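Naming: A, B, ... by sequence-line order, numbering from 1 per chain. The structure displayed is predicted, hence computed values, not measured ones. Only heavy atoms go into these numbers, but all of them, side chains included; no hydrogens, no water, no symmetry mates.
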Amino acid sequence: MAQAVKGTRDLFGNEMKWFQRIEDTARRVCSRHGYEEIRTPILEEIEVFKRSVGESSDIVNKEMYEFMDKGGRHVVMRPENTAGVVRAMIQHKLLVNNDPRLLYYIGPMFRYERMQAGRYRQFWQIGAESFGVASPESEAENLMMLFAFLRELGLKHLNLSINSVGTPECRPAFHKAIREFFQAREERFCEDCHRRIEANPLRVLDCKVPGCQAALAGHPVITDYLDEASRQHHARLKELLTALGIPFEENPRLVRGLDYYTRTAFEVLSSDLGAQSALVGGGRYDGLVKHLGGPEVPAFGWAIGLDRLAILMQQLHGEAPLNPPALLIPLGEAASLKALTLAQDWWDQGLAIQLETRGVNLKKALTSANRQGTRFALILGDSELEKGVVAARNLGAGTQEEWPLEEVPARLRN
RNA sequence: GCGGCUGUAGUUCAGUUGGUUAGAGCACUGGAUUGUGAUUCCAGGUGUCGGGGGUUCGAGUCCCCUCAGCCGCCCCA
């Protein structure tokens with residue numbers, strides 16, 4: 001039997017309902033903060049990711065769905081959406097003036113990874129990016145939006161960690177210090193760390209091997225190496241978050257997986273997700289737009305895993321609420337035609353009505369209506385036709401009464 | 001990419017040291033009731049035991065391969 005490709009899945013039923021709920025909430029919250037939706041192609045030229053995400057990253061090294069298309073273009077199914085959004089901004093010259101540009105996106109991403117609960121090869125992200133503002137205030141605003149979103153979903157057990165990874169100017173001094181620290185106790189670190197210290201020294205800091213964590217005791221702290229502007233920036237953000245009542249913890253070992261971050265980096269972890277606990281990742285990436293060929297524009301943003309959000313929603317709230325439409329059940333040929341014209345009228349008025357069109361007997365129609373969780377079955381037989389009513393049966397209560405046809409819309413709405 | 005575990009009906013699961021016709025609950029289907037579901041009664045097993053190969057007189061059970069999922073690692077959302 002044919003089945004979905006490994007690591008991909010069909011969204012339907014309860015999970016789909018949570019996806020809808022989450023997306024609706026995201027659109028509402030983002031809109032009221034002045035963010036507009038953008039949709040970029042799933043396919044991008046490979047260079048977009050090599051130049052932004054970084055050639056040293058695992059995403060680019062081993063996780064990209066890449067192939068040659070029929071025109072000989074080397075393309076990639078996007079592993080994340082920030083690079084694509086920036087590419088679109090540059091291509092359409094959306095950054096020529098000095099106005100901020102606030103964008104959000106919702107869509108599927110692809111990474112060729114080993115499957116695990118909460119980790120798929122096709123997964124979904126919601127992201128928000130703020131372009132053209134460099135201030136800590138813009139970061140606070142953006143994070144307020146994120147936490148408003150999470151709060152409206154009713155999520156709990158979330159931990160915000162923040163750090164500053166400095167700038168390309170001050171980072172080399174820290175790299176030098178960490179390399180020297182590492183080399184002094186080289187034998188105590190794992191094999192992966194030996195690889196990391198060359199490719200991306202910051203990543204050694206969040207190695208999860210216990211021996212490495214022990215060896216890291218007393219390691220140089222990046223916040224000690226920040227230039228004055230970055231230090232003030234970081235301090236100001238912490239001050240704002242504290243004043244705004246957004247709880248966070250400072251984590252000097254926090255490093256994001258992508259090369260493009262500058263200054264603020266953060267993540268939100270959930271203790272309810274098992275091994276794949278990262279729910280949100282984000283930060284500032286002031287150099288990226290220019291790096292991809294655009295003007296020098298500061299930027300800040302985050303991406304949240306929709307699949308993992310849905311897991312949390314399911315854990316916290318159980319099954320997504322059902323709200324099936326009322327079911328109109330005609331009995332006999334005359335009623336069938338009348339039901340179609342009635343339904344047309346009610347649909348035009350925006351009512352949620354489903355038609356029983358199988359021609360099955362009343363017993364079967366009620367059985368399946370009940371199974372779907374339908375609240376009202378509207379029975380339309382010969383006697384009802386004659387009287388101009390429907391027999392409205394409340395399937396939850398087991399009660400039944402006659403409703404004049406013209407009163408049906410009003411009665412269903414209350 | 002590395003290590004471990006799992007896969008039997010729609011679903012949750014049982015299935016003995018390899019043994020003949022693979023079971024149970026729930027769900028489902030038909031009927032009691034051709035205009036009344038959810039309650040009751042009667043009847044019904046709906047299956048490529050994930051797939052392929054091997055061992056054997058005989059495989060759901062043992063072996064190999066493979067596919068899918070889960071857990072951990074790597075990494076990340």
Practice item. Test A:R21 against A:E23 for salt bridge (charged side-chain N to carboxylate O under 4.0 Å, His left out), laying out the working first. Key: CA-CA 6 Å; A:R21 173 71 63 90; A:E23 291 179 18; over 6 Å; no
Exercise for review: Just call it for A:R371: base, sugar-phosphate, or nothing, with non-hydrogen atoms closer than 4.0 Å on any strand.
Suggested key: sugar-phosphate
Check your understanding: Does any donor atom in the side chain of A:H74 or A:E45 lie under 3.5 Å from an acceptor atom in the other side chain?
Key -> no
Check your understanding: Checking all strands, does A:L309 fall into the base, sugar-phosphate, or nothing category for heavy-atom contacts under 4.0 angstrom?
Key -> nothing
**Study point:** Donor-acceptor side-chain pairing of A:E152 and A:T25 below 3.5 angstrom
**Key:** no
Review point. Heavy atoms under 4.0 Å, any strand shown: does A:S383 hit a base, just sugar-phosphate, or nothing?
Key: base
Review point. Hey, which of these two, A:K6 or A:V268, hits RNA chain B nearer its 5' end, going by closest nucleotide?
Key: A:K6
Practice item. Give A:A117 one of three labels, base, sugar-phosphate or nothing, depending on what nucleic acid heavy atoms sit under 4.0 Å from its own. Key: sugar-phosphate
Point to revise | Which nucleotide in B:G37, B:C71, B:G35 has an atom nearest any side-chain atom of A:Q116 | key: B:C71
Revision key, fill the gap. Checking B:A38, B:C67, B:A77 against the side chain of A:N370 (C-beta onward), the nearest is B:A38
Exercise for review: Among B:G37, B:G35, B:C74, find the nucleotide with the atom closest to the side chain of A:R119.
Suggested key: B:C74
Point to revise | A:Y225 ring center within less than 6.0 Å of A:F174 ring center | key: yes
Check your understanding: Nearest of B:G31, B:G35, B:G3 to any side-chain atom of A:R114?
Key -> B:G3
Exercise for review: Looking at every strand, decide which applies to A:E267 at a 4.0 Å heavy-atom threshold: base, sugar-phosphate, or nothing.
Suggested key: nothing
